[in-house]
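Quick note: residue numbers are just sequence positions, from 1.
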Amino acid sequence: MEKTKNQHYVPQMYIKRFGYGTERKPRISVLKKHEQEIMHEQNPYNFAAERYFYDTTEVVIENVLKEDLEMFPFIKESKSFKDAQLTEHTLSRSEGEYRKLLDQIEKCPFSIYEDKYRVGFICFMHELAYRTRSFRDGMDNINYRTEKLLDEMCDNGGLSEEFKRKTIEKNCTPGKNTQLEQVLSVKPALKTMEQVLMNYDWYIGYNNTELDFIISDNPAQMVRQGFNDVCIPISKNLAIVMRVKEKGVPMLSCDESEGKIINMSTKGVIQYNAMQIAMAQLYLFGSKAAISIMNDLFIHSKSLIC
């Protein structure tokens, strides 16, 4: 099997839902966050991707799936277990199912209240939250600081290099390994499932304003960090909104729910789009008008802060 070089850490099929063009020639408008540069008519293939991003070794896979292998030892007998691109191929297969899932929810939004669709959507949100470059970089930064601290403590205590090495190995894990465990192992996904089912009320968010939803290259950090008010767009005009059940806590948007529906105001859409800007590492994706409008608002808000 030919190796996949360009591996997306935000699914192409998800980015495409916020763009334009045709099925054969999809296009997206892109905002480069730090440069505040807008690029229209871009190919989604070229963004939120890196060469061989998920590739690893069998030893690493065995380590990150340690608990899963204890429960399901037969997994090791599979040919795919020895595949250096196991993660990329696993994510590619799941993306096909997630595309069908999002199409179903867009066609019939109340499908989200059926167990099989809600469970699938939680798995989708979990992957979105942990598969990104932003998450891996964050884990690497924590490990760098931890390793530096342990190094200094061992040196100051006059401890041996062997003791220091073992201490660092025990307490530090490369960000990539942590990421692979999150996206491949069963336990982390079940933890996310418990969190979002126990702590949130779920709503269908209809966006009938003139401003489309946008997404970033880090679109679901809010799920990972357990925000009070989480909006996961399905398309330019539809989202699933989760709000914590606890009463009296601040919400991102002031739009009130009507039963299981939230009809969003322009202000509400701006607030959710602004959160995507805040969470973005490098890029934001959307329609031409939405990207241009949100960039103007982003520039204006920065000028007010400064």
Side-chain angles (χ1 to χ4, degrees), residues 1-33 35 37-55 83 85-109 111-112 117 120-121 123-125 127-128 131-133 183 205-220 231-240 269 272-273 276-277 280-295:
M1 180 184 297
E2 185 177 351
K3 284 196 170 186
T4 303
K5 298 178 182 178
N6 196 49
Q7 299 179 4
H8 287 80
Y9 52 81
V10 179
Q12 283 189 83
M13 68 87 185
Y14 188 52
I15 297 175
K16 289 175 183 177
R17 302 182 76 86
F18 302 89
Y20 41 92
T22 64
E23 182 69 26
R24 294 176 61 86
K25 190 178 179 181
R27 288 294 178 262
I28 196 83
S29 289
V30 180
L31 169 59
K32 297 174 73 173
K33 178 178 177 179
E35 296 86 346
E37 175 188 348
I38 294 176
M39 302 178 292
H40 296 304
E41 301 290 343
Q42 298 298 304
N43 187 339
Y45 176 82
N46 297 325
F47 295 92
E50 290 187 22
R51 288 172 63 86
Y52 304 113
F53 184 68
Y54 297 112
D55 284 17
D83 181 6
Q85 295 200 312
L86 170 64
T87 307
E88 169 64 16
H89 293 152
T90 299
L91 291 175
S92 294
R93 287 192 294 271
S94 66
E95 284 168 21
E97 295 304 311
Y98 291 145
R99 180 170 56 249
K100 295 176 186 176
L101 171 69
L102 297 183
D103 286 345
Q104 168 64 25
I105 296 173
E106 187 170 14
K107 178 182 177 182
C108 182
S111 297
I112 196 64
Y117 296 118
F121 189 71
C123 292
F124 173 66
M125 288 193 298
E127 284 190 11
L128 276 186
R131 64 181 287 177
T132 62
R133 164 56 71 182
V183 299
Y206 289 107
N207 175 10
N208 294 316
T209 74
E210 295 182 0
L211 177 63
D212 296 333
F213 287 124
I214 64 172
I215 61 165
S216 73
D217 57 358
N218 183 30
C231 175
I232 303 296
I234 300 294
S235 68
K236 290 178 282 190
N237 310 112
L238 181 71
I240 299 301
V269 176
Y272 287 130
N273 282 351
Q276 288 290 333
I277 294 177
Q281 185 176 33
L282 298 174
Y283 301 112
L284 292 120
F285 311 107
S287 62
K288 292 179 180 179
I291 286 292
S292 297
I293 291 170
M294 291 308 303
N295 184 50

Exercise for review: Check whether more than 12 heavy atoms from other residues, nucleotides or ligands sit under 6.0 Å from atom CD of Glu210, and answer yes or no.
Suggested key: no

Practice item. Give a yes-or-no answer on whether the side chains of Ser235 and Asn237 include a donor-acceptor pair shorter than 3.5 Å. Key: no

Review point. CG/Asn207 to CG/Leu238 distance, rounded to the nearest 0.5 angstrom?
Key: 9.0 Å

**Study point:** Charged N-O contact under 4.0 Å between Arg131 and Glu95
**Key:** yes

Review point. Quick one: are the ring centres of Phe124 and Tyr14 less than 6.0 Å apart?
Key: yes

Practice item. Please check if the distance between the ring centroids of Tyr45 and His8 is under 6.0 Å. Key: yes

Check your understanding: Under 3.5 Å, is there a donor-acceptor pair linking the side chains of Tyr52 and Thr4?
Key -> no

Review point. Are Ile215 and Leu284 close enough that some pair of their side-chain heavy atoms sits under 4.5 Å apart?
Key: no

Practice item. Start with the C-alpha distance between Leu31 and Glu37, add both sets of side-chain angles, then the distance that settles side-chain contact (heavy atoms from CB on, under 4.5 Å), and finish with yes or no. Key: CA-CA 6 Å; Leu31 169 59; Glu37 175 188 348; 5.9 Å; no

Exercise for review: Please confirm whether the backbone N or O of Asp212 pairs with a side-chain atom of Asn273, one donor and one acceptor, at under 3.5 Å?
Suggested key: yes

Point to revise | Heavy-atom donor-acceptor pair, Lys33 side chain to Ile277 backbone, under 3.5 Å | key: yes

Review point. If you measure only the distance, is there a donor-acceptor pair under 3.5 Å linking the side chains of Gln7 and Asp55?
Key: yes

Point to revise | Test: Lys288 and Glu41 ion pair at under 4.0 Å | key: yes

Check your understanding: Is Asp217 reaching over with its side chain to a backbone N or O of Leu282, donor-acceptor style, under 3.5 angstrom?
Key -> yes

Review point. So, does Ser111 use its side chain to make a donor-acceptor pair with the main chain of Cys108 at under 3.5 Å?
Key: yes

Check your understanding: Sub-3.5 Å donor-acceptor pair from the side chain of Asn6 to the main-chain atoms of Arg51, do we have one?
Key -> no

Point to revise | Expected output: side-chain Lys236 to main-chain Arg17 donor-acceptor under 3.5 Å | key: no

Exercise for review: Indicate the ring-plane relationship of Tyr9 and Phe53, choosing parallel, tilted or perpendicular according to the 30° and 60° boundaries.
Suggested key: tilted

Check your understanding: Any donor and acceptor pair, going by atom type alone, linking the side chain of Glu88 with main-chain N or O of Tyr54 inside 3.5 Å?
Key -> no

